[in-house]
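This report refers to the structure that appears directly beneath it.
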Amino acid sequence: MICGFDHVVIAVSDIDAAISTWRDGLGLPLSHRASHPDAHLEIAFFQLAHGGFIELVAPLSDRAPIHKFLQDNGEGVRVLCLHVDDLDRAVADLTRKGVALDGVGTPWVFVRPEAASGVLLQLWPKNRPHRWRDGDIQK
Amino acid sequence: MAFHISAEERTAGTIGSAKLAAIVHDIRTVGYAVVQDIVSAATCELLTQSILEDVERVRSTGKITRHEEVTGPGHLQLGLRRHAPFVTGDLLANPFIECVVAATLGRGAWLGFYNGNVNCPGSGYQPLHFDRPYSWKTPEDAAHDGQPWPPLTTTLSCSIALEEITVANGATEIYPGSHLEPDVATWPVHNRLQDHPELLARRSPARMEIPARSVCFRDPRMWHRGVTNPSGKPRAMIAATYHAAICKHWRGIYVPNIPPATCEVLEQNPDLRIMDNGELGDGRLVFDVDTRELFERENSRHGINRNVRFVMPPKRVNHFLDAHEVGGARIIEHVEPAPV
């Protein structure tokens, strides 16, 4: 079942301004920054000393997946990503309890906001790596 | 985003230009837009009842349908009755639907598919898929025909909610914005989205929730799938699909480089389409003749080709069969429509 914090995704409209806020204002060290023109996204990561990280996501164009969220909601938390021991078992348990899920059967499973106090939750197997931090993502 | 029709727009039978532009913008960027309350309650009640009766008849055969075998149990592509009073103007000659179709696909767009989509209790998860490939496979091909990259859709799917469609009764899972993912443009046939988790990782799914009597206009290239219906009763929806005038194949496929002589014949007879064998044939959808009046009462003020033809008694349409064949249903004679 859900057993820990992995990361939080925050939608921002201006990646430079948001990096300044979190690095210069709040004092978090910027761990990594990447641009993904194919996905129309700019992303910045702040690793937290005691585990987990904060991910800022900004659209490069109105074709970015995050663009509509920003239009409708403004800047703010987009996804709260939590660890699970075993994704399949977590999905089975939550489904049995009637919790509304999206993405079942794919690696990317979400608990819908209406089932989590208004927050979109992502279920992340605790041993699954993050490419920006643990793998082959562009530096 | 959901859009409402004003009293003035209802009187005029059209949607104001600024609102229409916003609807088209959402379809092009997000992949869908919902226009609320544009189908009558009476039509929804009539069609829901007929669909539930027909689901009973299909289930009474004791067989799983061919579509379920391919896409997942419990998701019925159910033919809709093609005779009066079950064919109504606010479904197939609806000025607001035709207004959005014309704004998205251009005048001369034509109705290519009209069918029921029922999510039954006990249904499973369909494979994640898209309904249409890109009409242009490369930026060069698109530019040659004056298209941007990614190219605009040449097909628009209209999902008509007969009742409120929510997570609670199995609203379709969608991946907003995924219709603009060009990686899939050149995929070989049978290449499945679930084999590409790196593409899914860029996006989060949502649900295509639609209020009752409303229509969701969807770019069929957007990734989606039917999911379980936990409500305990069948959820009925209607699917109407339109194709741009440049699409000359009967399934709405864009065929480049049609020989000039063939183009001339197609221009002279808009009822003709290119068949699977390359020959030309009548590509119109078939309906019983007692529905003719509603189609011909008034021409589409938005220039939509309703693309229908009518069969006379003793012939009639068996709506249970051949939803995905030419005409969208089977023509029968001296027998009653039946699922088998």
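None of the values given here were measured: they were computed from a predicted structure. Letters A, B, ... are given to chains in the order of the sequence lines, protein chains preceding strands, and every chain is numbered from 1.
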Chain B contact via [X] - which portion, at a heavy-atom distance below 4.5 Å:
X	value
A:L120	side chain
A:I43	neither
A:Q122	neither

Non-hydrogen atoms of [X] and [Y] that approach each other most closely:
X	Y	answer
B:E173	A:L101	OE1-O, 4.4 Å
A:G103	B:P205	N-CG, 3.9 Å
A:R78	B:S204	NH2-OG, 3.2 Å
B:V167	A:E114	CG2-OE2, 3.6 Å

Exercise for review: Can you establish whether the number of heavy atoms outside B:H144 located under 6.0 Å from its atom NE2 is more than 12?
Suggested key: no
Practice item. Answer yes or no: are there more than 12 heavy-atom neighbours, outside A:R89 itself, under 6.0 Å from its atom CZ? Key: no
Any [X] side-chain heavy atom under 4.5 Å of [Y] side chain:
X	Y	answer
A:V104	B:R225	yes
A:D102	B:R207	yes
A:T106	B:Y125	no
B:T29	A:H67	no
A:D62	B:H25	yes

Given a strict heavy-atom distance threshold of 4.5 Å, which part of [X] is in contact with chain A: side chain, backbone, both, or neither?
X	value
B:D26	side chain
B:A168	neither
B:V227	neither

Study note, to complete from the structure: Per-residue tally against chain A (heavy atom, under 4.5 Å) across B:A201, B:P182, B:G31, B:P127 peaks at B:A201
Point to revise | For chain A, the option from B:P176, B:S178, B:A206 that forms the most heavy-atom pairs under 4.5 Å | key: B:A206
